[in-house]
Protein chains: 2
Amino acid sequence: MDKRRITLKDIARELGISVSTASRALNSYSGISEETIKLVKDYAEKHNYVPNSIAVNFRRNRTMTLGMIVPEVVHPFFSSIISGAIAAANQHGYRILLGQTDEKLPNEKLACRSMLSGSVDGLLISVSNETKDFEHLQEFIDEGKPVIQFDKFLENFHTPKVITDDYESAYEAVNHLIKQGYRRIAHINGLLEVKNSMDRLKGYKKALEDAGLEFREEWVPHCKNISEEEGYQFAQELLNLPQPPDAFFCITDLVALGVMNYLKSQGIQVPKQIGVMGFSNWKIAEVMSPGLSTVEQHGHQMGMKAVNLLVQLLKDQSLGSNETYKIDSDLIIRESTLN
Amino acid sequence: MDKRRITLKDIARELGISVSTASRALNSYSGISEETIKLVKDYAEKHNYVPNSIAVNFRRNRTMTLGMIVPEVVHPFFSSIISGAIAAANQHGYRILLGQTDEKLPNEKLACRSMLSGSVDGLLISVSNETKDFEHLQEFIDEGKPVIQFDKFLENFHTPKVITDDYESAYEAVNHLIKQGYRRIAHINGLLEVKNSMDRLKGYKKALEDAGLEFREEWVPHCKNISEEEGYQFAQELLNLPQPPDAFFCITDLVALGVMNYLKSQGIQVPKQIGVMGFSNWKIAEVMSPGLSTVEQHGHQMGMKAVNLLVQLLKDQSLGSNETYKIDSDLIIRESTLN
DNA sequence: TTGAAAGCGATACCAA
DNA sequence: TTGGTATCGCTTTCAA
């Protein structure tokens, strides 16, 4: 094995010119005779010369690679973000180095460490649930490498952010429930320390408030894992309350699935007796019966936007400011809320 | 911007030692005094020294990065493979550079080109539907970079392969349908040029044959896009045949969903009147009602296996042989086939 | 046990 | 228009 590609040096030697001339000819610098250029290019073509990109990157101190870190690849929303990111990156001649944290801070630190110092030109990250501070992210900034946060972010880490408008989306979702006549709306939320959960909670509260509906702490349980099981569990607990809710706004479609399953197990009619609303518009939302109303977050678009921002920063040699870009979401109405 | 990290040279200068000693100390070479090692390591730690990985890679002529190319990231099976690959890669200190082809050969060539010549130490690829020859893949081999094919592969491109045993899995699936009493079993297949489709078709045929059941060409339509719409369409066509089938073995859960939807639209009872079997065990299979029987392919395991193989080849400085590693699949029985 | 220096492959500056 | 050479940061051989 290990047949090696030819190098500039080989070309120079064979053609009886200097390495620098060969380099300039290949890059068509002005100040090189047409003749030489043709000579070198023909030779390179014929011998299938491909510049060693590590050497080029080393010299130029850049990699044409963007780091991307997500909590979970196996998650329809994140995989669509990744897909959009790859597409946009390729358009600009960049590539994506992908890391995964499983929502664990130590994994996130490891992934960052592995991408630091020369592996990537910039970072796209959606932080884990455990991430509270950002020393490990600040290191990129300290190296002059721009960072873009997307979806799950740290508010006090000042970088450009590309997010779903969780507040607004939650507001719309709950508002829809209200318009459908539900009055005792529960919200199965996530961990309060996670910004997105907090924002959805705020949107939920505001919608209730604007409609003059009651807010009850006991109607807002918090999932640790955003799992189907928790949805099932919380649905059960809430419906056994003296004052049970008549609708569930769930932090995620998966949680909504758990809720639906509990309701089904109890023979409770959706949407007639209880309304259910999810978030994210996974394929399962469409497949559940009744179909689950939810919020489409346009992950592909989010991935593209994040990459485009990062590439622009790289072009401008800038680290960016603390702007927030919101990707429009869409309320998807299916049967689960059509009271 | 562009504060730069400290380099070995800085450490050496500050500590009054040579660069080579500093390098050796950090890598704990034998033949370096404990004292020096401690001195250097402490200094490095304190000043947050991180080696410039481009320089290291350049010097060592390796990148500690594995290229991975898949048809589609937004696909539960592939995203679980990716997830497994990242996990295994990290265990060995490698990283994953991810490319996506959208089932298009030109995209695949682009992705390969971008990974060639220094970006990766080896390649993991699941080829696109359009891929028939392998010049673009051979280039990796020619550079001494091992290639592993997984899931979708080219039989005549001789590399290690990690796959689902499509033949066996299909056989088991169809056999289950037969045992449940279905007798006129249709198979909604994929493109025949794709090896996986062909193998599933063979497994299907063999199961029919072993049971002494009739094989009818008209009961085996071929999807171009493996889409829900095609499932719907073909279900309709097949059920309007003079001799309609009484069960559908579908190339994918998504296709099965289309079939289910058509059956539902016609008020046809599953599994009582018609049995339906999918392939891949997506979350939707569990959520459909009735629940869809299917085949679990263990993507995570497949991703880990592919990476482990590649890492081993890299360690052995080998390009590997033409072995095939089959990842066990499991038949998942739900209601859709319980006649 | 340590230092000096070559060299990985490409680029770019200074001379000629 | 071209050549010579330093350089990027690190590893590794050869000498001391």
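Chain identifiers are assigned alphabetically (A, B, ...) following the order of the sequence lines, protein sequences preceding nucleic acid strands; residue numbering begins at 1 within each chain. Keep in mind that this is a model prediction, so the values were computed, not measured.
Taking every heavy atom of residues 44-51 of chain A and every atom of DNA chain C, pairs under 4.0 Å involve A:Y49, A:P51, by number.
We find that CG of B:L26 is positioned 13 Å from C1' of D:dG9, with the value rounded to whole Å. Atom CG in A:D10 sits about 11 Å away from atom P in C:dC8, given to the nearest Å. Here C:dA10 presents its P atom at 15 Å from CD1 of B:I54, a figure rounded to the nearest Å. The distance between atom CD1 of A:I37 and atom C1' of D:dT1, rounded to the nearest whole Å, is 11 Å. D:dC10 atom P lies 17 Å from atom CE of B:M64, rounded to whole Å. Between the C1' atom of D:dT2 and the CG atom of A:N27 lies a distance of 16 Å, rounded to the nearest Å. Atom CZ in B:R13 sits roughly 13 Å away from atom P in D:dC10 (whole-Å rounding). Look at CZ on A:R59: it is 13 Å from P on D:dA6, rounded to the nearest Å.
Between B:K109 and B:E135 there is no salt bridge, since no side-chain N of the basic residue sits under 4.0 Å from a carboxylate O of the acidic one. Comment: A:E139 engages A:R113 in a salt bridge, judged by a side-chain N to carboxylate O separation of less than 4.0 angstrom.
Side chains of A:S33 and A:E35: no donor on one and acceptor on the other come within 3.5 Å. Residues A:S128 and A:E130 bring no donor and acceptor atom of their side chains to less than 3.5 Å of each other.
Within the nucleic acid shown, B:S23 comes within 4.0 Å of at least one base atom, counting heavy atoms only. Within 4.0 Å (heavy atoms only), B:I17 reaches sugar-phosphate atoms of the nucleic acid but no base atom.
The side chain of A:T7 contributes no N or O atom lying less than 4.0 Å from OP1 or OP2 of C:dC8. In this model, the phosphate group of C:dC8 is not approached by any side-chain N or O of A:N52 to a distance below 4.0 Å at OP1 or OP2. Dashed line: the shortest gap from a side-chain N or O of A:K9 to OP1 or OP2 of C:dG7 is not under 4.0 Å. The side chain of B:S18 places an N or O atom within less than 4.0 Å of a non-bridging phosphate oxygen (OP1 or OP2) of C:dG3.
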Tabulate protein N/O versus nucleotide N/O from nucleotides 13-16 of chain C, keeping only pairs under 3.5 Å, one per line.
from, atom 1, to, atom 2, distance (Å)
C:dC13, N4, A:R24, NH1, 3.1

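Here C:dA10 is the nucleotide among C:dA10, C:dT2, C:dG3 with the atom lying nearest to any side-chain atom of A:V56. Considering only the side chain of B:T36, C:dT1 comes nearest among D:dC8, C:dT11, C:dT1. The side chain of B:Y29 sits closest to D:dT12 out of D:dC10, C:dT1, D:dT12. Of the candidate nucleotides C:dC8, C:dT11, D:dG9, C:dT11 has the atom lying nearest to any side-chain atom of A:L8.
No donor-acceptor distance shorter than 3.5 angstrom exists from the side chain of B:S318 to the backbone of B:D316, with no hydrogens or angles considered. A:S114 places no side-chain N or O within donor-acceptor distance of the main-chain N or O of A:L110, the cut-off being under 3.5 Å.
A search for side chain to side chain donor-acceptor pair (under 3.5 Å) contacts involving A:H92 returns A:N308, not counting sequence neighbours.
The two atoms that bring B:H300 and B:A87 nearest to each other are NE2-CB, 4.5 Å, heavy atoms only.
Relative orientation of the B:F150 and B:F78 rings is perpendicular, given thresholds of 30° and 60° on the angle between their planes.
By the 6.0 Å contact criterion, CD on B:Q138 is enclosed, its count of non-hydrogen atoms from other residues, nucleotides or ligands being greater than 12.
Both geometric conditions, a ring-centre gap below 5.5 Å and a plane tilt below 30°, are not fulfilled together for B:F58 over the base of D:dC10.
Where B:E35 and A:A55 meet DNA chain C, the nucleotide closest to each residue was compared, and B:E35 sits on the side nearer the 5' end.
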